[in-house]
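Let me begin by presenting the structure, written as structure tokens, before commenting on it.
Chain letters run A, B, ... following the sequence lines, proteins first and then strands; every chain starts at 1.
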There are 2 protein chains.
Amino acid sequence: MTNKDARTPASDQGEQSQEAGKSIGWHKAYIEGSRPDLRVPVRQVHLTDGQSVALYDTSGPYTDPAAETDVRRGLAPLRETWIIARGDTEEYTGRPVRPEDDGIKHTSPRGGLRNLDAVFPGRPRQPRRGREGRAVTQLAHARRGEITPEMEFVAIREQVSPEVVREEIAAGRAVLPANVNHPETEPMIIGKRFLVKVNANIGNSAVTSSIEEEVEKMTWATRWGADTVMDLSTGRNIHTTREWVLRNSPVPIGTVPLYQALEKVEGKAEELTWEIYKDTVIEQAEQGVDYMTVHAGVRLPHVPLTANRKTGIVSRGGSIMAAWCLAHHKESFLYENFEELCEILAAYDITYSLGDGLRPGSIADANDAAQFAELRTLGELNRIARSFDVQTMIEGPGHVPMHKIKENIDLQQEICDEAPFYTLGPLTTDIAPAYDHITSGIGAAMIAWWGTAMLCYVTPKEHLGLPNRDDVKTGVITYKIAAHAADLAKGHPGAQEWDDALSDARFEFRWEDQFNLALDPETARAFHDETLPAEPAKTAHFCSMCGPKFCSMKISRSINEKYGDGAAEPEYDEAALEGMRAKSREFAAHGNRVYLPLAD
Amino acid sequence: MTNKDARTPASDQGEQSQEAGKSIGWHKAYIEGSRPDLRVPVRQVHLTDGQSVALYDTSGPYTDPAAETDVRRGLAPLRETWIIARGDTEEYTGRPVRPEDDGIKHTSPRGGLRNLDAVFPGRPRQPRRGREGRAVTQLAHARRGEITPEMEFVAIREQVSPEVVREEIAAGRAVLPANVNHPETEPMIIGKRFLVKVNANIGNSAVTSSIEEEVEKMTWATRWGADTVMDLSTGRNIHTTREWVLRNSPVPIGTVPLYQALEKVEGKAEELTWEIYKDTVIEQAEQGVDYMTVHAGVRLPHVPLTANRKTGIVSRGGSIMAAWCLAHHKESFLYENFEELCEILAAYDITYSLGDGLRPGSIADANDAAQFAELRTLGELNRIARSFDVQTMIEGPGHVPMHKIKENIDLQQEICDEAPFYTLGPLTTDIAPAYDHITSGIGAAMIAWWGTAMLCYVTPKEHLGLPNRDDVKTGVITYKIAAHAADLAKGHPGAQEWDDALSDARFEFRWEDQFNLALDPETARAFHDETLPAEPAKTAHFCSMCGPKFCSMKISRSINEKYGDGAAEPEYDEAALEGMRAKSREFAAHGNRVYLPLAD
């Protein structure tokens, strides 16, 4: 993929506008921190009134015309010098890549990787991990009172002080997912004190899709605002697909190692072992996975609690572990070996995403015994992870009716010592397959307002199929809406400035500004053109709702002219009437016109 | 439009299925009340497990293969015998239709109606109104303790007793909009005690669209679940378009008479008079408009309160009245003549929808002095309307961030004596033009949960252009989701049965049942086909998320087999472990398989 291909439609618009000699549109800008190699990207939107607005930007170098990007070489390792400078990690000879890592049977006559040309051609690299006895995680640094370049980077992004970032990480209320083997990532933070984040899932399955598609989905998702991406591949070439995605991703990448481990035992859950799982975690750790979903909360005693559910266990990871527990009638090997797993994650600064394997899969099963029994276990595990300096967030449901949503976040915050909550939706009804981005966007906005730190998106294809490019965009935009609605409700600094800038543009009929400030400028412009295609309409002081003959905004402006400036707001009483007599004469003098001139 | 043309895609599916000799799909059914001419339509969905589910149906005779429908003749006047039987109304020679009713200038050389062929050709009818001294509204009947056939009809629809319906109407907590001149409507009720309703706006404007399009939009909107439709036409042929819409509408029709009145004075708000307005109300009353938005709350003293707003007055009706008040420096003629207006509405049983002309048009203006000053006035007017036996609901915003939504419904319920609240969204952020069905669907679900009785839909074209057929469908489906999510959260009787039926179908891989139970069967089926097109996949015991090799649902079923039936849910303690030993041996005996057979 070339830099040009990677541009957003909005970026193209920006370019066009500049070519057309107009100063409107937007361009990629950077805010420099305390050192020249600490540059925080923003989307600088230039308005026709001369103002400009800087928006949070997740799209990476792909939207920077000055940056050379090539998916076969991967992104520049922006964080590498910071990581090396800390001196607490070392390179080592990593685990060799094996055919089975890509789902090739041991018995495969062809041996080796199925399609060698798929192997990532980028620069050779040795994996890196913490030196013996050194605590290298952002949590460890924060606890020692150290502000890393990563922390400064997110502080600038979030418009807060670096000390606030350090405090929130040190307290375990926020995580900064940044595997030492993923230096390409632009640091971001997940915590209720910061902007609500959105995760987009990608990944091939036994049924469909290819490596190229997954890399394209990742860049596409981040272009529309995805803050992290989870690669949930389950089919062939899992290892190689992940390598391509990681080397080209400007955002943290999450995975569910259990999925790949299951592939290695050909889908026979009962044949899973701690050794196979552990080997898979190390394989992915060396590649640079930033956070891992671990379903260690699905304990043997919890399984029967799901027996009388309407939809049983709908989490893939949850059902794999349930099957294993039942097959061996043993406690979960993830739960039993959790401390050793903590040591591994700590060495690479991988963040835990403690999975909710028993989340409800229907309105009927919401907030039941199985779900909350698992949550209590996740609370336990969270405390253990923190004792190993491992950053941790907690996953949440699922399908939950509106009146049962708040209990989820309140219980999670209490039981898990305010660890960041990371929820899937929740979906507020089961009756709308093909619209579950909406059924869940409603629940997502509410639970984020109440404290959820990151939302896992749901696409229109949920329950029906795998999302295509359009579904990914729709899912991301829907969830950016939910996240921003929550930022507004939480009163996050700077959140309302965006709405105000767009509403000012709307009120003043600055159509191009309205489009460029929109979450999806391309679609907003296209919809406007459907009704009023002509270019003059872009500057017309009316819209298709009322037409040129009458316009409410026009009247409002005359009211503002009469009473707006300085004039103290009249009280709701007769005194107001007095003060208005003179004013009304002025208005009459203006001809009392509510017409608008046709823009021609 | 023929009956066949009017069928829903889902109906077609139902037909096909029956042709294919399968018993699945759905058909239109009726629940008969205490009299043979009282038949409540339902959408009867037949499931492959032999069960069937009856869903609330707003689509009218168009989805009944047995019904003969022809838009040139109009629908059968279902309520006519009930209205006549009450003996409290009389036919009379109505107001003659004038060219200016359709926006033809008095000076028009051609005179008469612009395009005569557009005149509705259906049966000639005389308008009807209450006899001198007779109180004919549903509110008057309810207060007298009378249960009308309309009340019995909605009681069956809502699965409550007729007495509950009567009580809610008598108390003013619910309205049953049913103009005596719109006998074609199937009775429905709007109140917080009942299912949350959805309104869809249609209407041509000075800029676009035709009579045929508007009738088609109305039938299309009701087919997807719109409970009422507002005709907001502002261009030419307003009178004739409304006649076609009313004669063919199975749901109550609402209007904003002020829009047509403004056309009659060629857009010069200051030339509006009480006489012109009153004449327009009578014109529309005789046609059968069921509820009217009246912006009588926009009083002269309120106007200056909007002066320092970010987006001023965004309501068209509100800005028209503000312009009039300022031009004449007089109190609103709607406010001054409100009692006479009540007498007119009472004679036809037209329901008030007291408009929120000062609603906020941006996040920045939410819950401000202007908005709440108007709300207090609406509270006053509501009490006056009730004293005239006129049914009344109150309109609400608009643009409101999540944390300010609840104050809106709580204040409205207190100030307006629990009159039904009817809100537009609210939109929870301003930054997503082209996605405002979603920004507002979030707020709509929340405010409906907290007590809003009817939601006015918002389409993806909001702020950008006029909705087309697809936008109308998207808007209605999005709002049906918000309404149902609220019904679930409010615990409305029967609401969760729908979710449960769909989740059962999902868990048991009854794909066709899942589609037929969906709000939009057509799209759900199409999305599934994109990934797994083959017909066998419709009965396959797997989906494209995991593929055939591994399936979480399968595992859940085996857990249910082991522990589900009768088995008391084990506690979260060691005792559970004991009880499970024997069970695990059984599971092992089954081969511990978590594979699924390929559906071939």
Quick one: pull up OG1 in A:T311 and CZ in B:F507 and give me the separation to the nearest 0.5 Å. 7.0 Å
Considering only heavy atoms and a distance below 4.5 Å, find which of B:T523, B:I405, B:D365, B:D487 pairs most often with chain A. B:T523
Do you know which two heavy atoms are closest between B:S362 and A:S503, and how far apart they sit? CB-OG, 3.3 Å
Contacts of type side chain to side chain contact (heavy atoms under 4.5 Å, CB included), residue B:N468, not counting sequence neighbours: A:E530, B:K461, B:D470, B:D471
For the candidates B:D500, B:D520, B:T439, which exhibits the highest count of non-hydrogen atom pairs separated by less than 4.5 Å from chain A? B:D500
Top contributor to chain A interface from B:T474, B:T478, B:I477 [non-hydrogen pairs under 4.5 Å]: B:I477
Tell me, side chain or backbone of A:A486 under 4.5 Å from chain B's heavy atoms, or both, or neither? both
For residues B:K490 and B:A448, report the shortest heavy-atom separation together with the two atoms involved. CD-O, 3.6 Å
Determine the minimum heavy-atom distance between A:D430 and A:H399, stating which atoms define it. OD1-ND1, 2.8 Å
Proximity breakdown for A:L427 and chain B, heavy-atom pairs closer than 4.5 Å: neither
Okay, B:L232 and chain A: the region with an atom under 4.5 Å from a heavy atom over there is neither
Between A:E462 (side chain) and A:D436 (backbone), is there a donor-acceptor pair under 3.5 Å? no
When heavy-atom pairs shorter than 4.5 Å are enumerated against chain A, which of B:A485, B:P433, B:A432, B:G312 gives the highest number? B:P433
Measure up the B:Y435 and B:H437 rings against each other and bin them: parallel (under 30°), tilted (30 to 60°), perpendicular (over 60°). parallel
Does one side chain, of A:D499 or A:H484, offer a donor that lies under 3.5 Å from an acceptor on the other? yes
Which bit of A:L517 is near chain B, if near means a heavy-atom gap under 4.5 Å: side chain, backbone, both or neither? backbone
With respect to chain A, which residue among B:P401, B:G443, B:A518 yields the maximal number of heavy-atom pairs within a distance under 4.5 Å? B:A518
Under 4.5 Å from any heavy atom of chain B - which part of A:I442: both
Toward chain A, the part of B:L502 with a non-hydrogen atom under 4.5 Å: side chain
